[in-house]
Amino acid sequence: MKHHPIFQNAIIWQRELINRTVVAPMSRVSATADGLATDEMKDYYSAFAIGGFGVIITEGLYTDVYGSQSYNNQPALVNQAQSTSWEKVTRAVHESPTLIFAQLMHAGALSQYSEDTLAPSALKPIGIKMPSYGGEGAFPIPKEMDLTDIERMKQGFVDGAINAYKAGFDGVEIHGANGYLLDQFLTSELNQRNDLYGGTMKNRFRVIAEIIAGIKASVPQDFIVGLRVSEGKVNDLTYRWTQGIETAKELAAEIKTSKPDFVHVAVQTGEWERDSFFGEGISLASVIRQATDIPVIANGGFHNLDKAEVALKDNHATLIAIGKAALADPHWVMKTMNGLRLIPFHREMLWPEATLSHTQKIVKELNLENS
C-alpha cells in the first residue's frame, strides 16, 4: 500500500506535501456558543496530522454576524478572539508536516441558526433542516440581498481570510458548494437576479471572483486560496445541472480567469462515479483540471483505493479528500499504508448529532477503539 499513488509525496503550491491525502471539511458543531475553537477541536484536528494526512481542511467557519452562521456552536473567524482561539489548533497541526486550511462559509438561505436568512433571490429552499446539526422543520424564505448586503458579505470573506492568516493557517478554502450562499449565486434556479450578479455564468460567478481577488490582495502571496464547488446540495442531494457538461465548462472558464490556487470538487452523496460524471471518463473534476491546469482536490468515497488510483492516474484530480473514513479513524493514512486494521465508519457516529463528543461516545460504546 505504501506505493499507492495517494501516498506519494508531491510538490504543490511550492510546498512539499508528504502525500496526496486531504481531510475533507466536516461540520462538527463543537465550538463554544460564541464561535471559539476549543481544546477538543485542537485534539480532533491534530489527530489527523499525527495520523499522516498531508492537508487538513477545517469545517466551515462563518465569516460575519449578518447571516453567515449556519448552526449553533459553529466555529468562526469573524473577530480577534475567534482568530486567536484557532492558534492552538494550527500550532498542534504544524507539529507534523501537514498543512491546514480554514474553510470560509456563508450559509445563505440554508442557515439553521437564524430565521432572518439571506440569498441572491427570495426563494424558499426545498427540503428540511438537518436534525444532526440542530435543525428542525422547513427553511424560511430568505431576503433577497441588495448590493450593500453583497459588499458586506464579500468583506466578511476577506476579513475571515486575514484572520485565518493571523491564526497560523496555511490557506483558506472558499465554500462555493453544497447549496450554501455562494453556490446559491452559481445555481441558475436559485439566482433570478437581473443585475451584475445574475443571469450568465460570468455574472453568477462574479461574487466568487471578487472574493478571490479581495483575499489575494489582502494576504501574503504564499498564502493559499482555494475554492470548493459542487453540483449536489445538502438539501437536494440528487441535484444536477440541466445543461450538464456545458455548465461545467462555463464554470471552469470562470475559475481559470479568477485564478484560485486549487479547486475542491465535492460530491455531496459520496458516490464519485455515480454523481460526478457527464460521460465516459469525464467528471466535473477532470473538466476543471483540464480547463484550468489548477490543482484539483476530488472527493466521493475515495477510501476505496482502487477508485482513488483511477482519479489520480486518469487526471481527474491532484489530491484526494477523505471524509467519513477519516472521521472514523484519524490515523487512516498510517494504518492503511501499513496494512493495519481500521476503525470502521458507523452512521451512529454522526447521528442523532454530529458533535465531536458524540462521535467519541459511539466509538467507545461500540468498542471500536481497538477493533
Checking Y66 against M153 for the side chain to side chain contact (heavy atoms under 4.5 Å, CB included) test, could you report, in this order, the C-alpha distance in whole Å, the side-chain angles of both residues, the deciding distance, and whether it holds?
CA-CA 8 Å; Y66 306 109; M153 176 269 291; over 6 Å; no
Apply salt bridge (charged side-chain N to carboxylate O under 4.0 Å, His left out) to R240 and E231, showing your working.
CA-CA 6 Å; R240 299 296 299 270; E231 288 189 82; 2.8 Å; yes
Take D293 and K256 through the test salt bridge (charged side-chain N to carboxylate O under 4.0 Å, His left out) and record every step on the way to the result.
CA-CA 8 Å; D293 200 30; K256 181 178 182 179; over 6 Å; no
Residues D116, K143; criterion salt bridge (charged side-chain N to carboxylate O under 4.0 Å, His left out); working and verdict
CA-CA 7 Å; D116 298 319; K143 174 200 170 188; over 6 Å; no
The test is salt bridge (charged side-chain N to carboxylate O under 4.0 Å, His left out); show your working for R152 and D64 and say whether it passes.
CA-CA 8 Å; R152 189 161 57 185; D64 64 49; over 6 Å; no
CA sep, side-chain torsions, deciding dist, call: Q184, L110, side chain to side chain contact (heavy atoms under 4.5 Å, CB included)
CA-CA 10 Å; Q184 291 159 29; L110 298 189; 4.0 Å; yes
Should Y45 and E59 be marked as a side chain to side chain contact (heavy atoms under 4.5 Å, CB included) after you check the CA-CA gap, both sets of side-chain angles, and the distance that decides it?
CA-CA 10 Å; Y45 283 111; E59 61 208 282; 2.7 Å; yes
Audit row: N72, Y133, side chain to side chain contact (heavy atoms under 4.5 Å, CB included) steps and yes/no:
CA-CA 8 Å; N72 288 318; Y133 295 101; over 6 Å; no
Under the side-chain hydrogen bond (donor to acceptor under 3.5 Å, both in side chains) rule, what do Q290 and N315 come out as? Steps first, then yes or no, please.
CA-CA 8 Å; Q290 291 171 21; N315 294 316; over 6 Å; no
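For S188, the side-chain contact (heavy atoms from CB on, under 4.5 Å) partners are R204, not counting sequence neighbours. With sequence neighbours excluded, the residues forming a side chain to side chain donor-acceptor pair (under 3.5 Å) with D275 are T269, listed by chain and number. Judged as a salt bridge (charged side-chain N to carboxylate O under 4.0 Å, His left out), and not counting sequence neighbours, the contacts of E87 are R91.
A distance-only check finds no donor-acceptor pair linking the side chain of N73 to the backbone of V29 [under 3.5 Å]. Proximity of a side-chain donor or acceptor of N299 to a complementary backbone N or O of A321 within less than 3.5 Å is not detected. Between the side chain of S30 and the backbone N or O of T355 there is no donor-acceptor pair closer than 3.5 Å. A donor-acceptor contact shorter than 3.5 Å links the side chain of N338 to the backbone of M334. In this structure, H358 contributes its side chain and A354 its backbone to no donor-acceptor pair below 3.5 Å. Between the side chain of S68 and the main chain of H106, no donor-acceptor pair closer than 3.5 Å is present. A donor-acceptor pair is defined here as one N or O able to donate and one able to accept, closer than 3.5 Å; no such pair exists between the side chain of S132 and the backbone of P352. Of the possible polar contacts, none joining the E144 side chain to the A119 backbone as a donor-acceptor pair under 3.5 Å is found. At distances below 3.5 Å, not a single donor-acceptor pair connects side-chain atoms of S83 with backbone N or O atoms of Q80. Under a 3.5 Å cut-off, the side chain of T90 and the backbone N or O of A167 do form a donor-acceptor pair.
Of all heavy-atom pairs spanning V234 and L237, the tightest one is O-CD2, 4.0 Å. Of all heavy-atom pairs between L182 and G176, the closest is CB-CA, 3.8 Å. Shown here for R289 and I294, the closest heavy-atom pair between the two residues is CG-O, 4.3 Å. Residues S70 and Y180 share a closest heavy-atom pair of OG-CE2, 4.4 Å. The minimum heavy-atom distance linking W351 with P131 is given by the pair CH2-CB, 4.0 Å. Between A177 and S230, the shortest heavy-atom contact is CB-OG, 3.4 Å.
To the nearest 0.5 Å, atom OG of residue S121 and atom OH of residue Y197 are 14.0 Å apart. Distance CD/Q8 to CD1/I18: 12.0 Å, rounded to 0.5 Å. Note that the CD atom of E250 and the CD1 atom of I255 stand 12.0 Å from one another [nearest 0.5 Å]. Here L77 contributes atom CG and L61 contributes atom CG; the two are 5.0 Å apart, rounded to the nearest 0.5 Å. Expressed to the nearest 0.5 Å, how far CD1 of I320 lies from CG of N19 amounts to 11.5 Å. Distance check, rounded to the nearest 0.5 Å: CD of Q69 to OG of S114 gives 9.0 Å.
The aromatic rings of F278 and W241 sit parallel to each other, their planes meeting at less than 30°, with 60° as the upper class boundary.
Heavy atoms from other residues, nucleotides or ligands lying under 6.0 Å from NZ of K324 number 12 at most. At most 12 heavy atoms of other shown residues, nucleotides or ligands fall within 6.0 angstrom of atom NZ in K361. For Y165, the OH atom sits in a loose shell: 12 or fewer heavy atoms of surrounding residues, nucleotides or ligands are nearer than 6.0 Å. Surrounding CD1 of I141 are at most 12 heavy atoms belonging to other residues, nucleotides or ligands under 6.0 Å away.
With hydrophobic clusters built from ILVMFWY side chains whose heavy atoms lie under 4.5 angstrom apart, I50 does not share a cluster with F53. A continuous path of ILVMFWY side-chain contacts below 4.5 Å connects M145 to L147, so both sit in one hydrophobic cluster. L305 and V333 fall within a single hydrophobic cluster, where Ile, Leu, Val, Met, Phe, Trp and Tyr are joined by side-chain heavy atoms under 4.5 Å apart, directly or via other members. Note on V225: it clusters hydrophobically with L251, by side-chain heavy-atom contacts below 4.5 Å among ILVMFWY residues. The same ILVMFWY cluster, assembled from side-chain heavy atoms under 4.5 Å apart, contains both I211 and F205.
Exactly one of V22, V265, T318 qualifies for a side chain to side chain contact (heavy atoms under 4.5 Å, CB included) with I297. That residue is V22.
A salt bridge links D183 with K233; the closest basic N to acidic carboxylate O contact falls under 4.0 Å. The residues K154 and E210 are annotated as salt-bridged, a charged nitrogen and a carboxylate oxygen being separated by less than 4.0 angstrom. Ion pairing between E95 and K88 fails under the 4.0 Å rule for side-chain N and carboxylate O. Remark: D261 engages K216 in a salt bridge, criterion side-chain N to carboxylate O under 4.0 Å.
If you look at F302 and W332, their ring centroids are not closer than 6.0 Å. Between Y71 and Y113, the ring center distance fails the sub-6.0 Å criterion. For F277 and H316, the gap between ring centers is short of 6.0 Å.
Because its NZ or CZ atom is not both nearer than 6.0 Å to the ring centre of W13 and within 45° of the ring axis, R15 does not count as a cation-pi partner of that residue.
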